[in-house]
Amino acid sequence: MWVSNQPGIAKGKMSLDLFGQIRLKMKSLLARNGAYVDAEYYCFHHPYAKRREFKVDCVCRKPKAGLILQAKAGFGLDTAKCFMVGDGLTDIKAGKGGGCKSILIGQVKCDLWSVDGVYGG
């Protein structure tokens, strides 16, 4: 399963229709290689959204753990046995907040090493 913030919709940079097309494309590419996604959890909210319906300070927007907690409840997950893999600090913080082991992928920025609670800083 995946959890993802999608601020582009809230900011008016992407339509829900385009987002749906992108989702289908990703799932199609995974399926070609025998992979699938059990569930998808998205946050379309943003505190500075242009679209009113998405201008919300919610519990689902990473770095808060709301999406992970929804998945935990929906699937009866033991998050201590789960991994959050992400490319940003918001992913790592959300994973830790949801009780998951967290893995950062991609290029490490020099300021990551000093962030309290992420790498023991």
Please find the pair of heavy atoms, one from A10 and one from H45, that lie closest to each other, and give the distance.
CB-C, 4.3 Å
R61 side chain reached by H46 side chain, heavy atoms, under 4.5 Å:
yes
Quick one: which residue pairs count as a salt bridge (Lys or Arg N to Asp or Glu O under 4.0 Å) with a foot in residues 35-47, not counting sequence neighbours?
R23-E40, K27-E40
Rounded to the nearest 0.5 Å, what's the gap from OG on S102 to CG on L89? Could you check?
10.5 Å
To the nearest 0.5 Å, what is the distance between CE on M84 and CG on L67?
8.0 Å
Between V3 and M1, is there a shared hydrophobic cluster once you connect ILVMFWY residues whose side-chain heavy atoms come closer than 4.5 Å?
yes
Could you identify which residues cluster with L16, counting Ile, Leu, Val, Met, Phe, Trp and Tyr as linked when any side-chain heavy atoms lie under 4.5 Å apart, either directly or through a chain of such contacts?
W2, I9, M14, L18, F19, I22, M26, L30, V37, Y42, F44, F54
NZ of K13 to NZ of K50, rounded to nearest 0.5 Å, is 7.0 Å
Closest non-hydrogen atom pair, K101 against A80:
NZ-O, 2.6 Å
Side chain to side chain donor-acceptor pair (under 3.5 Å) pairs touching residues 67-84, sequence neighbours excluded, are none
Tell me the closest heavy-atom pair linking A94 and A65, and the distance in Å.
O-CB, 3.6 Å
Answer yes if I68 and I92 sit in the same cluster of Ile, Leu, Val, Met, Phe, Trp and Tyr residues linked by side chain heavy atoms under 4.5 Å apart, and no otherwise.
no
